[in-house]
**Q** 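This is the structure I want to talk about, given as structure tokens.
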Number of protein chains: 2
Amino acid sequence: MRKIYDCDRGCPVQNTLQFIAGKWKSVILYHLFKAEVLRFSELQRRLPYVSKRMLAKQLAELEADGLIIKRIYPVIPVKTEYRLSDFGQSFQPVIFAMEAWGENYIKKSYQGSSR
Amino acid sequence: MRKIYDCDRGCPVQNTLQFIAGKWKSVILYHLFKAEVLRFSELQRRLPYVSKRMLAKQLAELEADGLIIKRIYPVIPVKTEYRLSDFGQSFQPVIFAMEAWGENYIKKSYQGSSR
DNA sequence: CAGTATCCGAATGGATACTG
DNA sequence: CAGTATCCATTCGGATACTG
């Protein structure tokens with residue numbers, strides 16, 4: 001993902017994936033849809049299994065692709081905030097479809113045998 | 001993806017991703033939604049930028065997870081067919097949301113400046 | 001606080017050759 | 001045809017230490 005040479009420009013799904021297929025991108029977007037605004041440390045708390053290094057990298061890519069907006073407050077210690085851009089907002093149907101599937105899956109898993 | 005230790009069991013999106021986050025899985029599913037049944041070679045033609053090795057691996061994982069069904073015909077040369085299982089079908093809303101986003105993106109890209 | 005730099009082992013994935 | 005096996009370069013990603 002991200003690289004143009006491994007993306008089929010004619011395939012709609014590929015076009016979508018080039019933006020959200022990063023290892024943790026969909027989850028980051030999901031949390032931003034839920035919370036509107038999140039600081040770096042708040043994202044860390046929501047994704048405890050993701051290293052700081054990876055989180056920073058995924059956020060940088062999302063920002064470079066224009067899905068999220070980073071706001072830095074020049075205070076000490078530094079404070080940053082991340083939120084979805086309009087472009088990022090446009091992925092709502094995709095992320096919410098994932099959420100819906102996952103919620104249904106969890107529900108069924110608790111009711112008895114999964115799938 | 002795939003590994004339990006990098007999946008937050010409480011996050012719906014993570015639950016979904018553990019099945020479809022493989023590098024080419026969503027695209028494979030997408031083509032199976034479109035075509036119903038596809039042979040290995042037909043999938044290769046639809047994903048020319050994916051190596052045979054990778055395609056086989058992704059298909060094996062999708063089958064192991066129960067999203068697709070593989071049918072082997074004992075003829076020479078061998079013939080195999082892949083199709084979605086009911087479980088695989090359940091991802092339709094997710095895959096179609098990706099398709100819809102991608103189609104809209106492509107349309108806008110051709111109309112003028114992208115995003 | 002919010003990162004970045006460096007080191008380094010682990011995993012990824014292409015190319016090629018081989019098989020029933 | 002539909003894979004699998006092997007080799008090997010590249011990338012990934014964790015741990016740790018450092019910075020404005």
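Naming: A, B, ... by sequence-line order, numbering from 1 per chain. Every value quoted in this text rests on a predicted model; they were computed, and no experiment measured them. Keep in mind that the numbers below use all heavy atoms, side chains included, and drop hydrogens, waters and symmetry copies.
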**Q** Specify the separation, in whole Å, of atom CE of Met54(A) and atom P of dT16(D).
**A**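 Taking CE of Met54(A) and P of dT16(D), I get 18 Å after rounding.
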**Q** What's the closest nucleotide to the Val78(A) side chain, out of dC1(C), dG3(C), dA2(D)?
**A**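 Side chain of Val78(A) sits closest to dC1(C).
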**Q** Given a 3.5 Å cut-off on both pairing distances, which stems involving DNA chain D, each at least three consecutive Watson-Crick or G-U pairs, are present, if any?
**A**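 Counting only runs of 3 or more consecutive pairs, the stems involving DNA chain D are C:1-20 with D:1-20.
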**Q** Does the side chain of Glu81(B) reach to within under 4.5 Å of the side chain of Leu38(B), using non-hydrogen atoms?
**A**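 Of all side-chain heavy-atom pairs linking Leu38(B) with Glu81(B), none is under 4.5 Å.
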**Q** Does dG13(D) have OP1 or OP2 sitting under 4.0 Å from an N or O in the side chain of Tyr49(A)?
**A**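 Negative; the distance criterion is not met.
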**Q** What is the distance from CD of Glu63(A) to C1' of dA2(C), rounded to the nearest Å?
**A**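 Rounding to the nearest Å, CD of Glu63(A) and C1' of dA2(C) are 13 Å apart.
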**Q** Is the Phe91(A) ring parallel, tilted or perpendicular to the Phe87(A) ring (thresholds 30°, 60°)?
**A**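 Ring orientation, 0 to 90° scale: perpendicular.
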**Q** Below 4.5 Å, heavy atoms only, C-beta onward: do Tyr82(A) and Val37(A) meet side chain to side chain?
**A**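 Not in contact.
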**Q** Under 4.0 Å, counting only non-hydrogen atoms across every strand here, what does Lys52(A) touch: a base, just sugar-phosphate, or nothing?
**A**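 Base contact - Lys52(A) has a heavy atom under 4.0 Å of at least one base atom.
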**Q** Closest to the Ser51(A) side chain: dC1(D), dG3(C), dG14(D)?
**A**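 Looking only at heavy atoms from C-beta outward on Ser51(A), the closest nucleotide is dG14(D).
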**Q** Between Lys25(B) and Glu61(B) (salt bridge meaning N to carboxylate O under 4.0 Å), is one present in this structure?
**A**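 Yes, charged N to carboxylate O under 4.0 Å.
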**Q** Report the nucleotide, chosen from dG3(C), dG13(D), dG3(D), that has the shortest atom-to-atom distance to any side-chain atom of Tyr82(B).
**A**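 Closest nucleotide among those given: dG3(D).
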**Q** Can you check whether Arg39(A) has a side-chain N or O nearer than 4.0 Å to OP1 or OP2 of dC1(C)?
**A**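 Checking Arg39(A) against dC1(C): no side-chain N or O falls below 4.0 Å of OP1 or OP2.
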**Q** Using only atom types and a distance under 3.5 Å, with no angle test, would you say the side chain of Thr80(A) pairs donor to acceptor with the backbone of Arg39(A)?
**A**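 Checking the backbone N and O of Arg39(A) against the side chain of Thr80(A), no donor-acceptor pair under 3.5 Å is found.
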**Q** Output yes when at least one side-chain N/O atom of Ser41(A) is less than 4.0 Å from OP1 or OP2 of dA2(C), else no.
**A**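 Looking at the OP1 and OP2 atoms of dA2(C), one of them is under 4.0 Å from a side-chain N or O of Ser41(A).
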**Q** Any salt bridge linking Glu99(A) with Lys34(A)? Criterion: basic side-chain nitrogen under 4.0 Å from a carboxylate oxygen.
**A**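 Judged by the 4.0 Å cut-off on N to carboxylate O distance, Glu99(A) and Lys34(A) do form a salt bridge.
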**Q** Taking the nucleotide of DNA chain C with the nearest heavy atom to each, does Gln58(B) or Gln44(A) sit closer to the 5' end?
**A**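 Between the two, 5'-proximity favours Gln44(A).
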**Q** Does any N or O donor sit under 3.5 Å from an N or O acceptor when you compare the side chain of Arg53(B) with the base of dT6(D)?
**A**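 For Arg53(B), whose side chain was compared with the base of dT6(D), there is a donor-acceptor pair (under 3.5 Å).
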